[in-house]
Amino acid sequence: MSTANGKIRSSAAEALAEGRVTLVLGWRKKDFWWQSPVAFVESAAEAEQLTFDPFSVYNPVKYLLEAAGCHEKVGVFVKGCDSRGINRLLQDKRLEREQVLIFGLPCSGMVDPVKIRAAFPAPKICEVARDGEELLVRLSDGQERVQTADFLLEKCLTCRHPNPVVYDRLLWERVPVRSGVDALRFARVSSVAQQQIQERYAYWTRQFSRCIRCFACRNTCPACNCRSCIFDQAEPRWLGKASDMSDTLNYQITRAFHVAGRCFECGECERICPAGIPLQELNRRLIMDIDKYFGPYEAGLAPGDLPPLGTYRGEDPAGFDES
Amino acid sequence: MRRTGVFICWCGSNIAATVDIDLAVAAAKKMPGVVFADQNKYTCSEIGQEMIREAIRTHRLERVVVAACSPRMHENTFRKTVAAAGLNPYFLEIANIREQCSWVHKDKETATDKAIALIRTAVAKAARNEALFASELPIERRALVIGGGIAGIQAALDIAENGFVVDLVEKEPSIGGRMAQLDKTFPTLDCSACILTPKMVEVAQSEKITIFSYAEVEKVEGYVGNFTVTVRSRARSVDMGKCTGCGDCMLKCPVKVDSEFDLGLIKRRAIYTPFPQAVPNKPAIDRENCRWFTAGKCRVCEKVCPAGAIDYSQEDELRTEKYGAIVVATGFDPKKLDNYGEYAYGKHPDVLTSLEFERLLNASGPTGGKILRPSNGRPPKNVAFIQCVGSRDKAKGNPYCAKVCCMYTAKHAILLCEKVPGARPFVFYIDVRTPGKDYEEFYNRAYEEFGATYIKGNVSKVFPDGEKLLVRSVDALSGALVELEVDMVVLANSVDARAGAKELAQKLSITTNAYNFFNEAHPKLRPVETHTAGIFLAGTCQGPKDIPETVAQASAAAVKVAALLGKDSLLSNPTVAEVNEKLCTGDMSCLAVCPYGAISEKMLEERRGRETVRRKVAEVNMALCQGCGACTVACRPGAINLKGFTNEQIMAEVEAICL
Amino acid sequence: MRYSYYPGCTLKTKANNFEKTALRTAGALGLEMVEVPEWQCCGALYPLNTDELFPLLAPVRALAQAKEAGHGTLVTLCAGCYNVFKRTNREMSRNGEVRRKVNGYLQEEYTGEVNVLHYLEVLKKEVGFASLAEKAQKKLTGRKVAPYYGCLLLKPRDEMDFDDVENPTIFEDFLRALGAEPVDYPYKTECCGSYLSMADEEVAATAVGRILLSARKSGAELLVVACPLCRYNLEEYGRELTERTGGEASLPVLYFTELLAEALAVGSETYGEEK
Amino acid sequence: MPVTREGFEPLIVAFCCNWCSYAGADLAGTSRQTYPSNVRVIRVPCSGRVNPGFIIRAFQRGADGVLVAGCHPGDCHYHSGNYHARRRFTILKQMLDYLGIEPERFQVRWISGSEGAKFSAVMNELTENVRKLGPNRKLRDAR
Amino acid sequence: MKVTADKVNSSLVKEVEEISGQKVSACFQCGKCTGGCPVVSSMDIFPHLVLRFAQLGLLEELLHSKTLWICASCQTCDSRCPRDVDIPKVIEALRLLLLRRKGGNRLHPANLSDRVRADAPQQGLVSAFRKYAK
């Protein structure tokens, strides 16, 4: 762990010192044990605050949209999921590869504070640190060890690319892909899909009824990188202002459609959603259909290729009655 | 809100009988922005159009909605009308309340409701119409004719006649097409070669026309006035420059294969010209059968060629050229008879197709023009002619009538009688169809003068019986069973679209009907145009036709081409895509789906705060854009829009149509 | 390979040598024919009227039994049964309304899933004529055989799609595999009069006459069939004809399986062995 | 629109491409192939021009069924518009189904300019099916 | 035999189309059915005329015709019909019109020939009784 931080800080400092980059995006510790938000480091000195701990879950990539504009070259630390975000931006021509210096961080999963709190309700938690396969939980009254696996974030349990898929330097050894990931990946989608249509409608409207249209899902999503989002446009007004189910469905359908074939499953939309709407279940449903109809495709792996909805094959099957 | 005028047409009773016009007018008057609404018996009439122009002036109309027939009918008419009154033609909208309302609905009340909804929708769209201006496009003054049969030949000659350069592409080693295979032509019985070959020579001699024989169209890009076409000339293995057409090679070549031109009735060599009067009269080596190419030995033709024209090393040649217009004249294929085992074709040598019989009649054919039974080389006495083989047969053939069989069968009957004294033609028909100048008279001669026996009955089966053929049928008129022993059976097999017509249609992005014949733009009023501007049709590739019709259509196509190439420039379609650079992210999703390569990246310099930043945005080439709008949907932020069909307009239509 | 086998009424009585030879040859070729338990009549004819359902029930029940028996494929010998089953299947799989109504009368739903094959098809598709040729040690060399298809195997064209309606070849290929020489004659697909022989013998006799004379004329010394009724008609009226024409039209009629048995040398009381 | 099952008259919005399906609709007219007046056509240049947003908006504003009709695959006047449409609407239709919105309400069909009969047949069929489904309440907005 | 307006498209014709599922109006009288019919020489009204009579509503004539009982349903005709008319089905329909009437049966076990009694295969008997009796 500390070695990890060491490596991060030194490589960031080095890159800044040598002037190879003028800004580095990583994570730093904030007020609480469960917070490791994105850090913007512009000098070797500041690099000391960088940290990579079980809560460095935020995807720093989206900040590149702004950063790359005002910096010649930006350094960025990426986990496997984050790195696919880089490819997302490259594929969307929102970023040039040479604009970024990428430090790859193989990642065996981020920890879910909720699960930790559930396990340690009473005593005050001071710090949660990784120690090999285990987590070291420092409590106000002593410390405990637990198996990391039991406390991972939902989204990390289904991660098929824990190792960065694009980078200039890999800071440490690759980690293995979790076993049984593929089985889990579409499990939730399937269980919903198996319900009767009325049940599905009830299920989704129940979920969406909590949506307050705060747009957090859109704002955190590296695939939602338009300069100006249609949801913010007045003429034509694609999305009504009324907060009724009709417009919520309109919003959710459109959002999902816009990331169809582009979503690389970082799961931030769902994690960040204040209403706890299972957005991954919708995104992944679209991934399933794309695999089924247009052939298996994983976004964020090859920035060169065209996304499934940007191309076609004459012999494509149709998901509707073509008669 | 735009000052809008609504003009509702009765179209006589076509609309007025099903739609309550008064009610519609009253409703229209209440629609947002509508300051004037009125009705007219025939809005497309001069009076009707004057009413529009008048109203535009007196009521200072800014937008015009005409509720009448389909925009595909009169949109241009009314655009001119509003333009004449000083409005931009694209301020016009049409509500289609005839084809899509009064003609398909019965109940007056609901039809009226719908008509009003359609008008409301058109008004809503019109309010968001913007002035559009066509820009001028250059025209490439050169035409491409695909297919060197009589249709292509006639079209090429007429276009050249009008002073334009023409490239004529022919798949076979020689032009001439099907007509070259025919003997005499109905109803005049003048010999096909005698009237065709002079035209072939004329083509060869014209400085304006270049023949690309043994060649096929590979790729077509661009748009009216500016097509870019790639033609593949197959390796002929003969140097056209050196070859004198002496023909020695063809005499000495040791390989004999079925002659396509003579439908396998005789052999040709591996180095060959399809027929003696071929143009160009220079052979090609058919590499599938040439011993040098198949077995790596021989080279006889090379040895005997006095001009040293043989060149085994030749390769296919790809040539890309720009054209202003294209005429498609690829002709037809005679129907294959696999589904018609009952006629014993291929089982008994004396069962022939009509084209094979045509070759027997032909002086340059396998029998030197003598009608002889392939089985024993003796002239037939009784010959059964079976019509509608694979035509008018929805069960296992073509449901349509092949149009030419009745006439050429009458011709065959007559020629049989002329050539074989004492021979007796028996013609089995379902109906005899002879519309055409002097056609009926010609058919009359077949049975009056020449004594052909016409039997109204479709032959059910031909029973080979040793030397003879037993033909079983019925005479539907008398109700008598027919059991006829004949020496020869001639099958009038149907006219199919060319194999590969569908693929060519896709290259040209023109459409075909269910049987792969190319579609004309309008069955009556635009019979030689296609839906793709600048591409025209001639001859049987559009549907079964006889020679006079084919020639007429070819000349018509030529006139259309000449009219097009005669223009100084073309007005571009102004309903093209347009980028809103403020919204454009520059991710180029639009570029990925553009079928015309009309979208490109462009660097934008804009001030942000103090410094100027550069960013990528999409840019549309108005000349290349055809206005499909695929880009508008690919663009997530809706930054690229389609003029004339903007997001705003369509959204407004949706809102209005659902009210 | 296991198949459900449907004999049908006639193969247990009049045409039992059809069945015997068929099963014997099947055995020799390693094909296991499991007779459908308590099979019931297929109805002999496919109902041509579309306004009532019950004529369809018999064949559907028979097929449903085969389905229960559980081998995906049902093999028939009698061309009649084959015709009825194939058309019934087609109707049941294509016509939703009929399917719904018919299934109203069944315990277990049937939707045309049983694959119906004629024994000839089994020989062609599953055994393969090439390997059949190898297995047939006792070649019928020099035997000029006229294959007689009749109607039921081939027609209606689009419903049966067994072979080319006008120029079928499966029989010829079969005979060649056995080393025999198939003779081609234009009447091989012409109707023998079918059930008319039960009521209006004149008509049947005429039909048969044409067939035999034509086969004879093209040098056949023997005629093979795949249908008991065809055989009955051809034999009965053939005999008469022979008497009338003084032997001119006399042609022995055999089931194709009898020739097969002979060629595979699994013994059969056939013309071939009598010689 | 009345919403009792009995008296219920569905509203069907059909986006038709100008080159094939709109022409097919016109042909249905010229050959008097009748279909219910519930169907209302919006003319677009190509099925590839139809934005899913239009479809959702139609449902929001009270359409009970939406049809997108274009040229048959391979016949697109613009080469590939209908191929892109086929991918987009394959996804959209599955998504609606997944969200519990009857997929039958949204249809995509290929109707050529020579298929007037097919146009009216499709319209009759679609109207009947949607009539059976009853009014669309799931996507319809408050107004 | 006379064609009158009331015969054409009479309810009886509709009944034939109902039972057979065939549209008699589809036939354009090419005669291919008749030409190929193996038993046509014993028919009094030829197959193509059966369709013609039906088109014109001459049902009585048809119902008295020998043809109905001659057709062997071999389906040679419909496998060649360019108009996709299943003539045997039309003839079957006419047969049924009669068979369904009281005492409409055409074949009684009593009058089977000795030969048939002796050797006929079940297949033939079952078929015959399905065709000639109800």
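Naming convention: chains lettered A, B, ... in sequence-line order (proteins, then strands); numbering from 1 in each chain. It should be emphasised that the depicted structure is a prediction, and the values quoted were computed from it without experimental measurement.
Note that the CG atom of D/Asp97 and the CD1 atom of A/Ile197 stand 5.0 Å from one another [nearest 0.5 Å].
D/Arg57 approaches A/Leu239 most closely through the heavy-atom pair NH2-N, 3.9 Å. Across every non-hydrogen atom of A/Ala256 and D/Met95, the tightest pair is CB-SD, 3.8 Å. Closest approach of D/Arg140 to A/Ser246, counting heavy atoms only: O-CB, 3.6 Å. The heavy-atom pair separating A/Arg313 from D/Arg86 by the smallest distance is O-NH2, 3.3 Å.
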**OP:** Would you please test D/Lys138 and A/Gln198 for side chain to side chain contact (heavy atoms under 4.5 Å, CB included) and show each step?
**Re:** CA-CA 10 Å; D/Lys138 294 178 175 175; A/Gln198 292 307 338; 3.2 Å; yes
**OP:** Kindly indicate, with the supporting measurements, whether the criterion side chain to side chain contact (heavy atoms under 4.5 Å, CB included) is fulfilled by A/Gln252 and D/Leu99.
**Re:** CA-CA 10 Å; A/Gln252 295 293 358; D/Leu99 292 175; 6.0 Å; no
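In this structure, chain D has heavy atoms under 4.5 Å from both the backbone and the side chain of A/Ala318. Only the side chain of D/Ile56 has a heavy atom closer than 4.5 Å to any heavy atom of chain A. For chain D, no part of A/Gln194 is nearby; none of its heavy atoms comes within less than 4.5 Å. For chain D, no part of A/Gln196 is nearby; none of its heavy atoms comes within less than 4.5 Å. At a 4.5 Å heavy-atom cutoff, the contact between D/Asn51 and chain A is made by side-chain atoms alone. Proximity to chain A is absent for every atom of D/Ile111, based on heavy atoms less than 4.5 angstrom apart. For D/Phe59, no part lies under 4.5 angstrom from a heavy atom of chain A. Both the backbone and the side chain of A/Thr311 come within contact range of chain D, with heavy atoms under 4.5 Å apart. The part of A/Leu249 that comes within reach of chain D is its side chain, from C-beta onward, which places non-hydrogen atoms under 4.5 angstrom from that chain.
Under the salt bridge (charged side-chain N to carboxylate O under 4.0 Å, His left out) criterion, A/Lys79 pairs with A/Asp82, sequence neighbours left out. Residues forming a salt bridge (charged side-chain N to carboxylate O under 4.0 Å, His left out) with D/Lys118 (at least two apart in sequence, or on another chain): none. Considering only residues two or more places apart in sequence or on other chains, A/Arg255 meets the salt bridge (charged side-chain N to carboxylate O under 4.0 Å, His left out) condition with none of them.
Among the candidates A/Ser323, A/Gly240, A/Pro317, the residue making the largest number of heavy-atom pairs closer than 4.5 Å to chain D is A/Ser323. Top candidate by heavy-atom pairs under 4.5 Å with chain D, chosen from A/Tyr293, A/Trp238, A/Phe257, A/Phe320, is A/Phe320. Here D/Val108 is the residue among D/Asn82, D/Leu92, D/Val108, D/Leu96 with the most heavy-atom pairs under 4.5 Å with chain A. Note: A/Asp316 leads A/Val189, A/Asp316, A/Leu309 in heavy-atom pairs under 4.5 Å with chain D. Top candidate by heavy-atom pairs under 4.5 Å with chain A, chosen from D/Pro73, D/Gly74, D/Ser80, D/Pro103, is D/Ser80.
Near-neighbour residues of residues 285-292 of chain A relative to chain D, defined by a heavy atom under 4.5 Å from a heavy atom of that chain, comprise A/Arg285, A/Leu286, A/Asp289, A/Ile290.
Using a 30° and 60° split on the angle between ring planes, A/Tyr312 and D/His84 fall in the perpendicular class, above 60°.
Not a single donor-acceptor pair under 3.5 Å links the side chain of D/Arg109 to the backbone N or O of A/Glu322.
Atom CD of A/Glu315 is surrounded by more than 12 heavy atoms from other residues, nucleotides or ligands within 6.0 Å.
For the 3.5 Å distance criterion, the side chains of D/Gln107 and A/Asp321 fail to qualify, holding no donor opposite an acceptor.
When A/Tyr201, A/Tyr203, A/Trp204 are each tested for a ring pair (Phe, Tyr, Trp, His ring centres under 6.0 Å) with D/Tyr98, only one passes: A/Trp204.
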